[in-house]
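Have a look at the structure below before the remarks.
Within every chain, numbering begins at 1; the chains are lettered A, B, ... in the order of the sequence lines, protein sequences first and strands thereafter. Model, not experiment: these values are computed from the prediction.
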Amino acid sequence: MNPSTRSPLTWAVHVSVLLLVVLWTMPTAGLLISSLRDKDQLAVSGWWTALATSSRNSVARAPSADSQVERDGKFVISGNFLGGQPGQVSAFGFSSREPAKFKPGETAELNDGERLTVQEDGSFEIVSDKRMEGSRGQRIFFTSATPPRFTLENYGEVLSAEGIGRSFINSLTVAVPSTVIPILIAAFAAYALAWMPFPGRAILLAVVVGLLVVPLQMSLIPLLKLYNGVGAFFGVPAKTYMGIWLAHTGFGLPLAIYLLRNYMAGLPREIMESARVDGASDFDIFVKIILPLSFPALASFAIFQFLWTWNDLLVAIVFLGTGQDQLVLTGRLVNLLGSRGGNWEILTASAFITIVVPLIVFFALQRYLVRGLLAGSVKGG
Amino acid sequence: MKRSFLMGVAALALMAGAANAADLKFKPGEDSKFNWASFEEFKKGHDLKGQTLTIFGPWRGEDEALFKSVYAYFVEATGAEIKYSSSENYEQQIVIDTQAGSPPDVAILPQPGLIADLASKGYLTPLGDETKQWLLDNYAAGQSWVDLSTYNGKDGTAALYAFPYKIDVKSLVWYVPENFEDAGYEVPKTMEELKALTEKIAADGEKPWCIGLGSGGATGWPATDWVEDLMLRTQAPDVYDKWVKNEIPFNDPAVTGALDEFGWFARNDQFVDGGAAAVASTDFRDSPKGLFTSPPKCYLHHQASFIPSFFPEGTVIGEDADFFYMPPYESKKELGNPVLGAGTLALITKDTPAARAFIEFLKTPIAHEVWMAQTSFLTPYKSVNVDIYGNPPLKKQGEILLSATTFRFDGSDLMPGKIGAGAFWTGMVDFVGGKSSADVAADVQKAWDAIK
């Protein structure tokens, strides 16, 4: 189509798509940028200013009187409160009421006769005629401009100290079997329901479809009770991975069977009939013909189930509990909100680690998602 | 690639396992300030090798590490393994676990209202008369702790179900001493002086208070502490008790009076950082940070003894920040020095030898002293050594607790969950939002009537 003949509507569609894309990706971008920023800078300015030099007011404490040295009959405490990091001091003060009273290089007279000098690079010197005393050092207020700083420290801290690394593995331990097991069962069931005639098949299918409406929230406690009872009979303790795999399998099965059956029922009958003429058993047909042909449907359900189990919090805290060695990522994030609610560098880095696996899964398999969703909707689709 | 990934996973899992083996923070027998005799005695009387004790508690993050340092001594003494877990939504979690029949052995909870509920459904094991006598003998104001720990069971008979462990003192006002020095302010001794100081700071063009009520789903609770504190300072303790049990209606003048006292501080744009509109939306964990900024955003912050966990990293309590006791009114001298507190209570949710042993462990001085020697732990236990407190302010708080003339537990925690952890919270958000105290109190009373 010639661009000049495009109707204004097309443009409106394009612009709104662009707007939607920006709207949807912006939070993720903000999260990523924030998680990479220095925590002090993150605390004072938004992620959209990440590339600008930030100016901030802070307080530093000079070393205590123990560190004073005698020089030319005077007593001196010196140091640098920028700690070797790049930055430039633009003002300083010693009182909370006038935190920016002096310019770098000037000398401020402290209340007890000491003299404080601060240089642009953050080095300072307190000079006194007599020996200084007291256990706490002098507070120095300063305004400094620091260049933007990006770092991976937040991720390091989160992975080691905050237990996110451990929870990452827990989440994988939950999500992978919880995706594979229902698909295995559902594929067999779907084949049987689609191609193996037996009495009551339609009723069975109706029951499975009917199970789709059972609300998960209502069935959690009875199910957990049942599992605990049966588990106690076999000597399996409550709150094990087995429990949550079974739970996710149970909750995922109706949809899986329904989707896969519809897809398999749409496969051409001729293939199966000719295979049977060649002497193939039902198992041969299932493994050699149906499974390879059903790959798009299997993949699309796998994506759904994986994302759901990965992002799940409710089923995990009910069936797996909140112990340190079992807590899943979503649970850990919620706990971090409580204990480290003010530390945005920790929360953003944790959140990004949590979403990175779903992002990878989605981008790697999204072509199956599009194909798989349409599976069975049209003949031969 | 795949193999190296799997090996990495295995190595990580191993490391995580090794990290669980906690070391003892203080070597037994080394520091004579600790009561090591109690530890040795406990060690002799209990051998639980091969058993596992599951504990569910409210502590996460830093507090969890501190609690771990305490139960390491239990592990050392008995040989039992401890599995501790916690959840941000511990109120729901414990209900799910007890109902489904997979409770932890020991649960530690800060909400008497919730405990009463669990006890009435028969999920708790009574701790027995011996523990009751122990509390009477060993805790300061023992009777009030026994009352707090006594609940009606499934059959309606009252019994001691809980063991109070780790107490918070709430009636504290935090400030930065150096900011006070720089500005020439004095620590107030009476409520009248505190109000005068508030007005003076505002007149100097600064903001006196940082108040933040935000706390996710629990938004509003910091304001309930204010109201309870002011209730105890304007009304006799028995009025407070009646209020908590709804024997006087929530919209009684005594209650609306306390609400208005709080309103005097929080609903004045000149008195709070960010203005009254910011009070409800500021997170309670972020709000104390205003004390430490340059220039300071505020000079005073009312919060319980746990709040230093949310001060900026490296803040030294007693030097960089300090507190004073929220003062009583000069004009109401007869009310004495009331102290508002809260705390956590340990319960046996599954009756096992290990769970029993753990309650016995909590009775040893060493179970208190190990945490005291670090930070954010207070105890009314009379025979622990108060010199062990990790820093002077903590010791000061411990002494407030030991010498209180009136001690009252956090009222909102004593009220039924729907009120104390619901209608009261949302009512406070409405109140700082501009609704009148009479309307707010009437709304809460309406909610209370609905659950009766």
Between [X] and [Y], which heavy-atom pair has the shortest distance, and what is it?
{"X": "B:Ser87", "Y": "A:Thr322", "value": "CB-CG2, 3.5 Å"}
{"X": "A:Leu224", "Y": "B:Ser102", "value": "CD2-OG, 4.3 Å"}
{"X": "A:Asn57", "Y": "B:Pro295", "value": "ND2-CD, 4.1 Å"}

Can you tell me which portion of [X] sits under 4.5 Å from chain A's heavy atoms? Options are side chain, backbone, both or neither.
{"X": "B:Glu62", "value": "neither"}
{"X": "B:Asp283", "value": "neither"}
{"X": "B:Asp97", "value": "side chain"}
{"X": "B:Gln93", "value": "side chain"}
{"X": "B:Val176", "value": "side chain"}
{"X": "B:Tyr299", "value": "side chain"}
{"X": "B:Tyr90", "value": "neither"}

Heavy-atom donor-acceptor pair, B:Arg285 side chain to A:Asn343 backbone, under 3.5 Å: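 Such a contact is absent between B:Arg285 side chain and A:Asn343 backbone.
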Polar side-chain atom of B:Asp182 near backbone of A:Ser95 as donor-acceptor pair, under 3.5 Å: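 No, B:Asp182 side chain to A:Ser95 backbone: no donor-acceptor pair under 3.5 Å.
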Salt-bridge present (A:Arg139, B:Glu181; N to O < 4.0 Å):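 Salt bridge flag = no for B:Glu181 with A:Arg139.
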Segment of A:Tyr227 engaging chain B (4.5 angstrom heavy-atom cut-off):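 Neither part; nothing is under 4.5 Å.
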A:Arg56 portion near chain B, given a 4.5 angstrom heavy-atom threshold: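 No part of it gets close to chain B.
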Intermediate values then yes/no, side-chain contact (heavy atoms from CB on, under 4.5 Å), A:Arg61 and B:Glu178: CA-CA 12 Å; A:Arg61 197 177 279 287; B:Glu178 285 160 300; 2.7 Å; yes
Atom pair CZ/CZ of A:Arg332 and B:Arg60 - distance to nearest 0.5 Å: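 If we round to the nearest 0.5 Å, A:Arg332:CZ and B:Arg60:CZ are 11.5 Å apart.
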Which one of [options] has the most heavy-atom pairs closer than 4.5 Å to chain B?
{"options": "A:Leu220, A:Leu223, A:Ile317", "result": "A:Ile317"}
{"options": "A:Val334, A:Val59, A:Val318, A:Asn335", "result": "A:Asn335"}
{"options": "A:Ser96, A:Pro99, A:Gly93, A:Gly229", "result": "A:Ser96"}

Contact leader toward chain A among B:Pro312, B:Ser215, B:Ser86, B:Ser294, where contacts are heavy-atom pairs under 4.5 Å: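 Maximum pair count with chain A is reached by B:Ser294.
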CD (A:Glu109) with more than 12 external heavy atoms under 6.0 Å: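 Correct, the count exceeds 12.
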